[in-house]
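Model, not experiment: these values are computed from the prediction.
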Amino acid sequence: MINMIDKDKAFVWHPFTPQHENIPENIFIDRAEGIYLHTSDGRKIIDAISSWWVNIHGHANPRIAKTLGEQANKLEHVIFAGFTHQPAIELAEKLLSILPTNIKKVFYSDNGSTANEVAIKMAMQYWHNQGIKKKKIIALEGAYHGDTFGAMAVGDRSIFTQPFTDYLFEVSFIDFPSKEKQAHVITQFESLLQTGEVGIFIFEPLIQGAAGMRMYDPETLDILLKLAKQHNVICIADEVFTGFYRTGKFLASNYLSQQPDIIALSKGITGGTMPLGVTVCTRKIYDAYLSPEITKAFLHGHSYTANPLACAVANTSFEMLMEEKCQSQISKIAASHLSFIHEIKGHPAILNIRSLGTVLAIEIRSTQKSDYTNTLREKIYSYFLNKDILLRPLGNVIYLVPPYITTEAELRKIYNSISEFLNLV
Ligand SMILES: Cc1ncc(COP(=O)(O)O)c(C=O)c1O
């Protein structure tokens, strides 16, 4: 009889995975609970990366599951044009209560890429509706905003975008704004702004996730945002990864004094249970769409826009996130990361170690380039998986993005394994 793994191999095409005859078997997950993924053959794997950075309260959370069940029995889905429902209204109200005060409207979609796609289109049409030609877009070197076409276009050109380069619209990339490059990046940015043609600036605030958890200072970003605003440029913060307290504050933008005009959110929004994206904007952006003319309307939507199941679990996840228990866990994880950094800093195998909030990144010294293609990736991945810890390094960068329920003892187990690994490389 064909088993599940054989069927998986025969029928299913998995993402980000080279397809060939000797493709390694996927690990079959039977169920999950808390931070643990349970395999059919009895293994219990720590999900130290929150399953692609989405799972914030742990897996199969009973409160979230209860909400999901209740909502499924009441209203599983309804078209969101011309109709509305309580979970979506409630979630918009909750988000607006904590987002920067200039943010006034919530637009729903269904994942991180589409949240950015909406953000980019919303900003482009903001200019179009007013008949203003400001067609240049600025993004950061190393940026990753998702895999749909608009999101790819504003992302750095890399192995992810290579086959599609000819189809992507033009974007000006400024260098990654590290401390050392601050003055240079500001000059680069200003000279682009001075053309008067720049309409959009999009960035991942403070951490570039997919680029290897590259971190930069709020001071530099504040300078860039201030300049952008002086030149009447719409600023889009992609908080898909950094939102929902991943960096220790609700948004990475909360570390800034200049606020974006549009923010894209997803990942942690439903606690990792349902796909959902939101794009939020200021009154100024929304006002450019105020017109009875259909040509001025934002003609964008998805079949599952504002899915009630997703919005309902997002509401429960939000409530849990705001509770003292969760907030203190977030602080504890951030503090643990800092003391671990203190403990292993200076280890000869470490090229760089950094953290912000619940994110910890360790760049391993290597003779190869520090990027996604670094082959240390395979060694790191299998080493930790053999120890029943799921860490999915970005090239030579080991990172931890744990669910917020992760205990000190569980973190310690992961840290100890990392220390052992460092002594082997
Ligand atoms: C900053 C950022 N933006 C957008 C995305 C794309 O989100 P999704 O995978 O839900 O399309 C990601 C995913 O990793 C991300 O890190």
Side-chain angles (χ1 to χ4, degrees), residues 53 112 116 119-120 136-147 151-162 165 168 170-193 198 200-228 231 233 235-243 246-247 251-253 255-256 258 260 263-264 350-357 359-366 368-374 376-377 393-399 401:
W53 322 340
N116 279 318
I120 299 158
K136 274 196 191 329
I137 300 173
I138 303 181
L140 299 183
E141 179 262 315
Y144 176 77
H145 297 291
D147 294 337
M152 271 200 296
V154 292
D156 201 358
R157 305 297 181 257
S158 67
I159 56 159
F160 291 90
T161 56
Q162 208 174 23
T165 312
L168 302 176
E170 203 184 304
V171 169
S172 304
F173 292 93
I174 55 168
D175 289 0
F176 179 73
S178 59
K179 237 192 187 73
E180 309 79 60
K181 282 201 168 172
Q182 197 199 63
H184 167 70
V185 171
I186 292 167
T187 312
Q188 256 187 330
F189 195 60
E190 270 186 311
S191 68
L192 286 167
L193 293 177
V198 180
I200 300 172
F201 171 44
I202 182 165
F203 53 92
E204 292 157 89
L206 310 192
I207 309 183
Q208 282 188 331
M213 300 295 158
R214 291 207 291 180
M215 301 181 186
Y216 63 105
D217 290 339
E219 293 74 27
T220 318
L221 186 52
D222 258 331
I223 296 171
L224 298 179
L225 289 175
K226 202 166 175 190
L227 285 168
H231 288 82
V233 171
C235 300
I236 303 174
D238 173 0
E239 296 253 14
V240 166
F241 166 55
T242 47
R246 194 38 88 188
T247 67
L251 298 178
S253 294
Y255 288 93
L256 303 170
Q258 299 289 326
I263 304 170
I350 298 177
L351 185 62
N352 184 275
I353 182 162
R354 49 193 180 260
S355 82
L356 183 65
V359 182
L360 172 72
I362 305 160
E363 204 169 327
I364 308 293
R365 207 175 282 283
S366 161
Q368 299 167 44
K369 225 165 64 177
S370 269
D371 73 11
Y372 193 79
T373 58
N374 191 302
L376 258 181
R377 183 199 176 279
L394 294 153
N396 57 324
V397 178
I398 300 177
Y399 70 86
V401 171

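Here the CD1-CG distance, from I263 to N116, works out to 12.0 Å after rounding to the nearest 0.5 Å. Atoms CD and CE, from Q162 and M152 in turn, are 12.5 Å apart once rounded to the nearest 0.5 Å. Taking OH of Y399 as the start and CD1 of I353 as the end, the distance is 15.5 Å to the nearest 0.5 Å. A distance of 4.5 Å separates CD1 of I202 from NE2 of H145, quoted to the nearest 0.5 Å. Within the model, atoms NE2 of H231 and NZ of K226 stand 13.5 Å from one another, a figure rounded to the nearest 0.5 Å. Note that CD1 of I398 is 5.5 Å distant from CD1 of I362, once rounded to the nearest 0.5 Å.
Counting only distance, with no hydrogens or angles, the side chain of D238 and the backbone of V240 share a donor-acceptor pair below 3.5 Å. A side-chain donor-acceptor contact under 3.5 Å links Q188 to the backbone of D175. At distances below 3.5 Å, not a single donor-acceptor pair connects side-chain atoms of R377 with backbone N or O atoms of L394. No donor-acceptor distance shorter than 3.5 angstrom exists from the side chain of D222 to the backbone of L256, with no hydrogens or angles considered. A distance-only check finds no donor-acceptor pair linking the side chain of E363 to the backbone of M213 [under 3.5 Å].
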| field | side chain to side chain contact (heavy atoms under 4.5 Å, CB included) evaluation trace for L140 with I174 | value | CA-CA 5 Å; L140 299 183; I174 55 168; 3.5 Å; yes
| message | What verdict does the side chain to side chain contact (heavy atoms under 4.5 Å, CB included) test give for I200 and V171, after you've listed the backbone C-alpha separation in whole Å, the side-chain angles of each residue and the deciding distance to 0.1 Å? | response | CA-CA 10 Å; I200 300 172; V171 169; over 6 Å; no
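The nearest pair of heavy atoms linking V154 to A143 is O-CB, 3.8 Å. Nearest heavy-atom pair, I120 versus A151, reported as atom, atom and distance to 0.1 Å: CD1-N, 4.2 Å. Contact detail for S253 and P205: the closest heavy-atom pair is OG-CG, 4.3 Å. Closest non-hydrogen pair, F176 versus M215, comes out as CZ-O, 3.6 Å. When all heavy atoms of C235 and F203 are compared, the closest pair comes out as CB-CE2, 4.2 Å. The two residues V397 and A361 make their nearest non-hydrogen contact at CG1-CB, 4.1 Å.
Between the side chains of D156 and S158, no donor-acceptor pair of N or O atoms lies under 3.5 Å. A donor and an acceptor atom, one from each side chain of T242 and E239, are located under 3.5 Å apart. Under 3.5 Å, the side chains of N374 and S366 contain a donor-acceptor pair of N or O atoms.
In this structure, R246 and I207 have side chains that are not in contact, with every pair of non-hydrogen atoms separated by 4.5 Å or more. Counting heavy atoms from C-beta on, the side chains of Q182 and I223 come closer than 4.5 Å. In this structure, N396 and Q368 have side chains that are not in contact, with every pair of non-hydrogen atoms separated by 4.5 Å or more. Counting heavy atoms from C-beta on, the side chains of L206 and P218 come closer than 4.5 Å.
Residues passing the salt bridge (Lys or Arg N to Asp or Glu O under 4.0 Å) test with D147: none are found, sequence neighbours excluded. The side chain to side chain donor-acceptor pair (under 3.5 Å) test applied to T165 returns no partner, not counting sequence neighbours.
Ion pairing of E204 with R214 is absent here, as no side-chain N (NZ or NE/NH1/NH2) approaches a carboxylate O to less than 4.0 Å.
Checked against a 6.0 Å centroid threshold, the rings of Y144 and F241 do not count as neighbours.
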